[in-house]
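Quick notes on the structure that follows.
In this text, all values refer to a predicted model and were calculated from it rather than measured experimentally.
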Amino acid sequence: MKKIVTFLLLMLFIYPAIGQAAEEAPFSVEADGFIIYDEETQVIQAENNVIIQLDSDMIKADKIKANLLTKTIEAEGNVVLIEDDNKLYGDGLEYDYQKEEGKIYNGESRQDKISFKGKEINIVKDELVVTDTELTVCDHETPHYKITAEKINVYSNDLVVARGVDLWINDHKIMPLPTYTTSLDPEERKKYAIPEPKIGYSRDDGMYLDVNYDHYVNENLHGLIHVKATSKNSNELDLDYEYTPSENFQFRPDLSYKQGMGVDGTVSLKNKIGDITSNINYNAYIEDDEDDPDYKDKEWLAKWDLSTDIFGIKSGLHFRRDEDDTETGKEITFDKKWSDYYWQLRAGEDNKHDYKPQFSIGIQNKDLGNGTLLSTDLRVAQVYERETDIETSRKELALKLQDSEIKISDLTNLYWSGKVSRSEYGTGDDFETYDFNLGLDQKIAFLDFNLDYQYYNELGETPFHFDLLTDEDQNMGERNYLTASVGSDLKLSDNLDFNWNALARNSYYEDGQEYNYYQFDAKTYYQINEFNGVGLGYNYVGIGGKTPIDDEEVESDDLVNEVSLSYNFQTDELELPYWDVKIETGYDFIDDELSTLKYSFTREFDCFNTGIEYDQLEKDIRFNLKLKY
């Protein structure tokens, strides 16, 4: 009651005076102690749990002094500045409420696991600048790691940038960093803000050090660095940067190097001048062979795309040139889309086929009601295909209908799609393709069941290879694929989980060939007690028959008949730090030998973990340090 009375008396007293001497104060003041207004100096003073409300912002402190002439507020003792969802804490505050700028002394901020503090936090409109500070993204009272920085900037887009940085673990300085970047938004938090080295040994690399690092130079230039140094001359380096000085200009260089294999580099330059957007891409690689020092293969590809809108029509001019083509590919396009409809006109030539020209008109995924989507495409073109050295006219009409979700009941879902196309050529050839799919998802008690049928067919002849449904040089004709699968994820008790899945597929071809594929997976995990758990798994893949399509055939090396066993030991995870130990083993019945034998020992701290992994069969050992964000 005392606070309310004091507040009302103050407002009745000072506002008429303020109206005569200065602008009306854009804030209100409350206090449990006293509030005093000096009319001559236009200074407000208040003590004991003082609250100042400035529009959407708020200041809390033990003592405040507000000067209505200089538009400043001074506060001391348990200071809290609340701006939107951000809170700043400190011992003292100097704040210009008109410019929304100021300083907090011995300040600290905590937001979604991120906390930083410094001797001085400068508030510059929507930006915070913290000097002589330390920061951690570990939500713990006494975190085991932190970074110290000469300066931290917190920008209005929640980006946090620290410069002059040192990484500390358990009060020991580990390494300096040029910059450290993260975000107040956990979804935007960078994975490699602090390098997390992986040190180990493998048969292929020998001793190795593998590091990823997000390198932030400034708000316009940043990138990702990946370095892998090895003792067996298999070093790697990846540099992927982006330079964006304005919304109309972007430059992206990307370089990848693997010792013994070669160099691959890409440069992308995007620029917008007026209504015209230019996009230049250049990719080149030099391929080496570690077994043949005299072998070297060079390839490059360059593309330049210009695009703009002319009376609502998207227009483009495209150029392409590569190592294998002595001529520059050229193409001009005009596109128009409205609602579910579109048309396109394209003309040009490249190293595969030329359009002289091609006109398309159609409908894309138009909802006919009840989830049924309609797509149509009519194309008329004069085409030249370099692979077949044939030039002729081509007319194609394609029609597609689909529905991905037809609810028969709460436990039954039906889906289907069908596509048919017909092409006519100036050579007198006709070519038709059919593509149909029908499937059923069914929940039966604790089982998830799926039945799927696919049908493809090609009729007639086409002079062009790109018309075929497959990359084969022959007409495959009719193909039928019937797939059935059943499985379930079961929690048999509080300590026992079991999941399994069985699949069988039959492929039947027009020439009478049949090909069958079988797969079965089963896994179970039993938590013996609070600290121990075991897992058992089985995986089988088998085939039968023969297929004329090579890329669908499973080679004998891909056949699987394997059982796996795992053991996990974990101390009390509520008491940090704790141990997490895993042992995995597997046996291959086809090769009659062990297929897996791995050990993992991890020490979990509150804000990071460190551990060792050992693959006994591959002779691979790895030491890890991983920070928790």
Side-chain angles (χ1 to χ4, degrees), residues 339-340 362-377 398-421 432-459 469-470 476-510 513-526 535-545 547 549 551-554 558 560:
S339 184
D340 306 311
I363 302 170
Q364 186 174 30
N365 292 331
K366 182 176 181 60
D367 194 342
L368 301 181
N370 298 321
T372 302
L373 303 179
L374 167 68
S375 297
T376 64
D377 187 64
L399 173 66
K400 181 179 180 180
L401 289 168
Q402 63 178 350
D403 195 328
S404 60
E405 186 173 359
I406 303 175
K407 282 288 185 182
I408 306 299
S409 70
D410 292 339
L411 302 177
T412 306
N413 182 65
L414 185 71
Y415 59 89
W416 65 273
S417 67
K419 181 180 179 180
V420 59
S421 69
E432 297 176 0
T433 64
Y434 300 89
D435 182 347
F436 178 73
N437 175 228
L438 176 64
L440 175 72
D441 291 317
Q442 177 72 52
K443 186 78 173 179
I444 305 174
F446 57 86
L447 299 176
D448 294 314
F449 176 75
N450 173 260
L451 185 64
D452 186 275
Y453 172 70
Q454 290 182 302
Y455 171 83
Y456 299 93
N457 201 359
E458 299 172 323
L459 299 174
L469 289 177
T470 66
M476 292 299 302
E478 183 177 313
R479 280 157 278 173
N480 296 269
Y481 305 97
L482 180 62
T483 305
S485 66
V486 62
S488 63
D489 291 327
L490 301 174
K491 192 168 186 64
L492 301 179
S493 70
D494 291 340
N495 298 330
L496 181 61
D497 295 327
F498 178 68
N499 62 78
W500 65 279
N501 184 75
L503 180 146
R505 178 183 297 120
N506 172 259
S507 304
Y508 183 79
Y509 304 92
E510 187 175 281
Q513 293 190 67
E514 273 193 79
Y515 174 70
N516 297 305
Y517 174 86
Y518 312 97
Q519 180 178 336
F520 178 77
D521 293 285
K523 292 181 181 178
T524 183
Y525 185 82
Y526 178 63
L536 179 65
Y538 178 71
N539 187 19
Y540 173 81
V541 174
I543 62 170
T547 170
I549 304 178
D551 58 5
E552 285 190 4
E553 193 164 348
V554 178
D558 294 324
V560 178

Side chains of N516 and E514 only: does a donor on one sit below 3.5 Å from an acceptor on the other? no
Step by step, work out the side-chain contact (heavy atoms from CB on, under 4.5 Å) result for N457 and E510. CA-CA 9 Å; N457 201 359; E510 187 175 281; 4.1 Å; yes
Which distance, rounded to the nearest 0.5 Å, do you find between the CG of L492 and the OG1 of T524? 7.0 Å
Non-hydrogen atoms of N413 and I406 that approach each other most closely: OD1-N, 3.2 Å
Check whether any side-chain heavy atom of N506 sits under 4.5 Å from a side-chain heavy atom of Y508, and report yes or no. yes
So how far is it from S417 OG to D435 CG, rounded to the nearest 0.5 Å? 6.0 Å
Going by side-chain contact (heavy atoms from CB on, under 4.5 Å), name the residues that satisfy it together with L411, two or more places apart in sequence or in a different chain. S409, Q442, K443
Check whether more than 12 heavy atoms from other residues, nucleotides or ligands sit under 6.0 Å from atom CG of N370, and answer yes or no. no
To the nearest 0.5 Å, atom CG of L490 lies from atom CG of N499 at 8.0 Å
To the nearest 0.5 Å, tell me how far K407 NZ sits from D441 CG. 8.5 Å
Hey, are the side chains of E458 and R479 touching, using non-hydrogen atoms and a 4.5 Å cut-off? yes
Taking atom CG of L459 and atom CD of E478, what is their separation to the nearest 0.5 Å? 8.5 Å
Would you say the side chain of Q364 lies within less than 4.5 Å of the side chain of D340, judging by non-hydrogen atoms? no
Heavy atoms of A522 and F498 approach each other most closely as CB-CE1, 4.4 Å
What's the verdict on side-chain contact (heavy atoms from CB on, under 4.5 Å) for T433 and Y456, showing C-alpha distance, side-chain angles and the deciding distance? CA-CA 7 Å; T433 64; Y456 299 93; over 6 Å; no
Are Y415 and Q402 close enough, and set up right, to give a side-chain contact (heavy atoms from CB on, under 4.5 Å), and what steps lead you there? CA-CA 8 Å; Y415 59 89; Q402 63 178 350; over 6 Å; no
Would D367 and L373 count as a side-chain contact (heavy atoms from CB on, under 4.5 Å) if you check the C-alpha gap in whole Å, the side-chain angles of each, and the deciding distance to 0.1 Å? CA-CA 5 Å; D367 194 342; L373 303 179; 4.1 Å; yes
Flag yes if more than 12 heavy atoms outside N365 fall under 6.0 Å of its CG atom; otherwise flag no. yes
So W416 and L401, do their side chains get closer than 4.5 Å, heavy atoms only? yes
Taking the side chain as every heavy atom from C-beta outward, state whether L451 and L438 have any atom pair closer than 4.5 Å. no
Exercise: identify the closest heavy-atom pair between L496 and Y526: CD1-CB, 3.9 Å
Quiz question: by atom type and distance under 3.5 Å, do the side chains of Q513 and Y515 form a donor-acceptor pair? no
When every non-hydrogen atom of L447 is compared with those of W500, the smallest separation belongs to CD2-CZ2, 3.6 Å
Do V420 and F436 have side-chain heavy atoms sitting under 4.5 Å apart? no
Please report the closest heavy-atom contact between Y518 and A504, naming both atoms and the distance. CD2-CB, 4.1 Å
I need the minimum non-hydrogen distance between I363 and K366, along with the two atoms involved. CG2-CB, 3.5 Å
NZ of K419 to CG of L399, rounded to nearest 0.5 Å, is 10.0 Å
T483 side chain near Y517 side chain, heavy-atom distance below 4.5 Å: no
Might you work through the side chain to side chain donor-acceptor pair (under 3.5 Å) test for N480 and Y453, ending with a clear yes or no? CA-CA 7 Å; N480 296 269; Y453 172 70; 2.5 Å; yes
